[in-house]
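Accompanying notes for the structure given below.
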Amino acid sequence: GDSVTQMEGPVTLSEEAFLTINCTYTATGYPSLFWYVQYPGEGLQLLLKATKADDKGSNKGFEATYRKETTSFHLEKGSVQVSDSAVYFCALTGNQFYFGTGTSLTVIP
Amino acid sequence: DVKVTQSSRYLVKRTGEKVFLECVQDMDHENMFWYRQDPGLGLRLIYFSYDVKMKEKGDIPEGYSVSREKKERFSLILESASTNQTSMYLCASSFNKGWDEKLFFGSGTQLSVL
């Protein structure tokens, strides 16, 4: 069945460091891919999405490219801030939403 | 902005109690969902609803039921709470039936069953 695998956390980075959170997927058909973010004490909110191969989603300095050949949708940011500390979830849509297990990111000043 | 409101942030119940978790959305969304979030397991879909009085089972419906009597309100019911139902429960909504639609989440209810 459809599934998402994302890198284990927690991840701790210094401010202004480069961020990569890996996400790979298994799906039949052509799913849409998403990154959701959960800030402390809040629900998940959509960070970015891509609906077809080679699409790049971007928002708030974060980017992810839909790679069909490697079945990946890695999240990147060039320079993280303390305010980016959160849990990040990769997700895809098949016959429902499938979420990864989440990666906790802590950015230290 | 869309608001999805869950009635309680924290809830403590006893084993065997009947528990109601309430969720209300204010943007006339068609779809509503209940997930539970557990460390290392991510989000798992319990039930969802496309319309008033309609419900569909998700991946882990056992031990749960739902009610949607009004479009804006979707309730999750634990008929007889058990300790393995201790979890964070997240309600979400989306505009239409397409699974590409963005989900809007509530802040969650952390339920502890003692």
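A note on names: the letters A, B, ... follow the listed sequences, proteins ahead of strands, and every chain is numbered from 1. All values below come from the heavy atoms of this structure, side chains included, with hydrogens, waters and symmetry mates left out.
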Consider only side-chain heavy atoms of I, L, V, M, F, W and Y, link residues closer than 4.5 Å, and tell whether [X] and [Y] are in one cluster.
{"X": "A:Val4", "Y": "A:Phe97", "value": "no"}
{"X": "B:Leu78", "Y": "B:Met32", "value": "yes"}
{"X": "B:Phe33", "Y": "B:Leu21", "value": "no"}
{"X": "A:Tyr66", "Y": "A:Leu47", "value": "yes"}
{"X": "B:Trp34", "Y": "B:Phe48", "value": "no"}

Going by heavy atoms in the side chains, are [X] and [Y] under 4.5 Å from each other?
{"X": "B:Leu103", "Y": "A:Gln45", "result": "no"}
{"X": "B:Leu43", "Y": "A:Leu44", "result": "yes"}
{"X": "A:Tyr36", "Y": "B:Phe105", "result": "yes"}

* Per-residue contact mode, A:Glu8 against chain B (heavy atom under 4.5 angstrom) -> neither
* Between A:Ala91, A:Gly41, A:Ser104, A:Gly100, the one whose heavy-atom pairs under 4.5 Å with chain B are most numerous -> A:Gly41
* Asked: Would you say A:Glu76 has more than 12 foreign heavy atoms packed within less than 6.0 Å of its CD?
  ->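 Yes.
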* Tell me, yes or no, whether the heavy-atom count around A:Tyr39 atom OH, taken from other residues, nucleotides or ligands under 6.0 Å, exceeds 12. =>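 It does: A:Tyr39 OH has more than 12 such atoms within range.
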Side chain from CB out, backbone as N, CA, C, O: work out which of these in [X] comes under 4.5 Å of a heavy atom of chain A, or both, or neither.
{"X": "B:Gln110", "value": "neither"}
{"X": "B:Leu90", "value": "side chain"}
{"X": "B:Arg44", "value": "neither"}

* Indicate, with yes or no, if the rings of A:Phe99 and B:Tyr35 have centres closer together than 6.0 Å. => yes
